[in-house]
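One structure is given below, encoded as structure tokens.
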Amino acid sequence: MVFKKYAYICLGLLIFLTGCGQNGFEYYAALRCQTDGKTEEARRLFLRAVNTGSPYISRLSLEELTETGNVRERLESCDRLLSKYSDEKAKLLACRKYYSAAEYSKLIQCTNGIDYENCSNSLAYYRLDSMRKKGDSRFFKEFYSWFTLRRVSDLHYQLYCDVAKDSALTEIPEFQPVTDFRADVYKRNYLGAFESFSKSKDVLPLLPQIVSDMGKVCLYGSEAYYTNALAFDAFAKKLSGRDSEFYAWFYAARLYEKAGEYYSIAASRYKSAMAAAKSDSLYDNALWYLLNLELKRSTDRGIACVRKYCSTWHDPDYFDDFFDTLTPLMLSEGKWNAFYNLYKELDGYASDEVVAKFAYIYGRLLQERFAVPVVSDTHGSESAAAFTRALLSGSEAYYRVMAVAQLGLGGEHAEEILCSRRSKEVCIVDPEAEELLGGYAAFGFPEKIYPMWQRLLEEKRFISFETGLRLAQFLNECGLRKNEFYPQALKIVSKMLSLYPERISKDALMLLYPRNYSNMVSEKSEKYSVPEEIMYALIRSESFFDSQAKSTAGAVGLCQLMESTAADVAHRLKYGQYSLTKPVDNIEFGTWYVANLFGRLENNWMQTFFSYNSGITVVRRWRKTAVIGFNNMKSMPDDLFLEIIPYSETRQYGRKLIGSAAMYSWLYYDKDLCDEINVLVK
């Protein structure tokens, strides 16, 4: 029933957008035949869709034809695809088929002239391995180009090993030292690579990626940092004006910094790297290291460096982690009024999230009588101005809801703020993209929506805000039958809200903060006396409602529980068999664990969240240390405690849960936001 209901909704959307619900019908009918195992009928319909569908559907039909029929038919479809499209995506798809069918000559021909510095590594690998197998005389020259122009990948190393097995590199003595050196760097065999560097540095080509590898080797494969730094100084002068100059100055700086006694020289080399940078990203990278170097020397130097260079960086978000490091240092050293200077000077240069953070903290420091008003005569008016700026935070809800609470805003005023969005991107809607995605929904292919939406996004083919929300709603409903659609829906709506600078409705916000698995959450929350909004916030923050989620640390499922924690909870609850990827088990264990922590932490939600992430003993130690370092404040407010916690991950975790819990309570449970923040943050 769910699929039928939302198929009708999206079919209506499809007709509205295109004026013709039949456009591309053969394509969707072919997909259905393919799903039902009717291969011949599917192929016939795809062939018709190539001629009758829109340009994008025509191409997709050709791509599907490379996957259907016998080997000869698939290869013929690849030929036809390449006759119509010459872009890399088409070549890569065709080359996979040619390679698996050992059609090496055809593969080599269609990839003649590819740009080894910028093309897909997969495409380069298919071409080069085909040339190797065919004994093509151009192989070694092109292999060397690919191996020296870019960072070594898994595919580089795989081909290198195959060539080394043939002992073919020994036939080209000038190539072998370079390829062996880069292979050692890839394997992180820095000691061996440094030996190679020491023997072969006069013959290694000073190309950008080679110089970068040389720098890594000198950093991690040798302790002669100062001597190596001098060598990179010499490289930099030799490379003046070339693309490689940046890497020479950059690694000279890294090496001087690592030597530990040459911070001023290191700073000057980072500045030289910034001057030599040929791209915005390289400039920002060198500046990031310069900022952290100055911060290492002293917090005041770090602040001064920010104020000097903040107007010159290019990607504000790139520096968010630097400011997350700076904030607890400023607090622990009592630099209260510096928050005012920074939030004012960073406005328009740093990300909205960073500016909102500094403004909010300054407002709270004024309220707690740590900071002194800079402009106004009273704490109240200046703190209100700071909180008002914090309302314009970025994509995260934390500083926005905290500022709403501090300003005592409610009703329509709070709704206006919480439903507002800011975006710097300009998105031109592509009707063909909308038609395609709407067609997948209308004809019952929810599994194709998210992958195709990602592909279209990569190609800068945008759908409208309204269409994105409808598709997210459709996938969210499909999640009732197949849970994998829940995180897909949430990812789509999250991205759509970041792309479009529109005021949105509360209904749209509900898609951003969904109540998936509602029956289970309601039952377990009541059983263990945990507010539902707490559990929804935790599940959203931990797993994005992905029941199969697994972290690198080994946490599993919706509530991201470790196996050891789950085993302990299961023992206490007298559980027999359980599975952490089973939503009902995971939600029960997670809810019990939250309730247990909450009771042990004197009913403090923020400390409960921190303990869920990092462990109760660690949080208690942090709390004690923070109070002593913060002028022995007897009762440190939770929001200031959050900002001084030593781990960035835990700080961000706390922000996510507080922000999400507040939003859930406001959206679904008719709770006053100010009252809810007073419950969540002591």
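If you read the sequence from its start, that first residue is 1, and numbering goes on from there.
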I'd like a table of donor-acceptor pairs (distance under 3.5 Å, sequence neighbours excluded) in which one partner is a side-chain atom from residues 674-682, with atom names and distances.
| unit_1 | atom_1 | unit_2 | atom_2 | d |
| --- | --- | --- | --- | --- |
| Asn678 | ND2 | Cys674 | O | 3.3 |

Which distance, rounded to the nearest 0.5 Å, do you find between the [atom1] of [X] and the [atom2] of [Y]?
X	Y	atom1	atom2	answer
Asn613	Leu657	CG	CG	9.0 Å
Gln652	Ser541	CD	OG	9.5 Å
Leu512	Ser660	CG	OG	8.0 Å
Leu291	Asp284	CG	CG	10.0 Å
Leu642	Met636	CG	CE	11.0 Å
Ser498	Lys495	OG	NZ	4.5 Å

Which residues satisfy the side-chain contact (heavy atoms from CB on, under 4.5 Å) test with Ser648, sequence neighbours excluded?
-> Asp324, Arg651

Is a donor on one side and an acceptor on the other found under 3.5 Å between the side chain of Ser200 and the backbone of Val203?
-> no

Flag, side chain of Asn285 to backbone of Ser281, donor-acceptor distance under 3.5 Å | no

Sequence neighbours excluded, every pair satisfying salt bridge (Lys or Arg N to Asp or Glu O under 4.0 Å) that has a member inside residues 301-312 = Glu294-Arg301, Arg307-Glu345

Would you please indicate if the ring centroids of Phe319 and Trp313 are separated by under 6.0 Å?
-> yes

Ring centres of Tyr289 and Phe250 under 6.0 Å apart?
-> yes

If we only count heavy atoms from C-beta on, is the [X] to [Y] side-chain gap below 4.5 Å?
X	Y	value
Leu418	Leu673	yes
Arg364	Phe370	no
Leu239	Trp249	no
Gln607	Arg620	no
Val493	Ile504	no
Ser332	Ile644	yes

For [X], which residues count as a salt bridge (Lys or Arg N to Asp or Glu O under 4.0 Å) partner, sequence neighbours excluded?
X	answer
Arg150	none
Lys335	Asp300, Glu333
Glu533	Lys671
Glu353	none

The single option from Tyr343, Tyr360, Tyr399 passing ring-ring contact (aromatic ring centres under 6.0 Å, His included) against Phe387 = Tyr360

Which of Tyr653, Trp605, Phe641 passes ring-ring contact (aromatic ring centres under 6.0 Å, His included) with Phe610? It is Phe641

Under 3.5 Å, side-chain donor or acceptor atoms of residues 207-220 against the rest of the protein: list the pairs with distances, not counting sequence neighbours.
| unit_1 | atom_1 | unit_2 | atom_2 | d |
| --- | --- | --- | --- | --- |
| Asp213 | OD2 | Arg182 | NE | 2.8 |
| Asp213 | OD2 | Arg182 | NH2 | 2.9 |

Only pairs under 3.5 Å count here: list side-chain donor-acceptor contacts from residues 258-267, not counting sequence neighbours, and write none if there are none.
| unit_1 | atom_1 | unit_2 | atom_2 | d |
| --- | --- | --- | --- | --- |
| Ser264 | OG | Arg297 | NH2 | 3.1 |

Which residues share a ring-ring contact (aromatic ring centres under 6.0 Å, His included) with Phe181, sequence neighbours left out | none

Sequence-distant partners of Phe358, ring-ring contact (aromatic ring centres under 6.0 Å, His included), two or more places apart | Phe323, Phe339

Between [X] and [Y], a side-chain donor and acceptor under 3.5 Å:
X	Y	answer
Asn228	Tyr251	no
Tyr612	Glu542	no
Tyr283	Thr312	yes

Are there over 12 heavy-atom neighbours, none belonging to [X], within less than 6.0 Å of that residue's [atom1]?
X	atom1	value
Lys278	NZ	yes
Glu223	CD	no
His314	NE2	yes
Tyr318	OH	yes

Give me the one residue out of Val618, Asp638, Asn604, Ile645 that meets side chain to side chain contact (heavy atoms under 4.5 Å, CB included) with Arg623.
-> Asp638

Could you please spell out the steps behind the salt bridge (Lys or Arg N to Asp or Glu O under 4.0 Å) verdict for Arg389 and Asp352?
-> CA-CA 9 Å; Arg389 176 59 186 88; Asp352 284 332; 3.5 Å; yes

Enumerate, atom names and distances included, each donor-acceptor pair closer than 3.5 Å involving a side-chain atom of residues 186-197, sequence neighbours excluded.
| unit_1 | atom_1 | unit_2 | atom_2 | d |
| --- | --- | --- | --- | --- |
| Tyr186 | OH | Asp154 | OD1 | 2.5 |
| Asn189 | OD1 | Gly192 | N | 3.2 |
| Asn189 | ND2 | Asp184 | OD1 | 3.3 |
| Ser196 | OG | Gly192 | O | 3.3 |

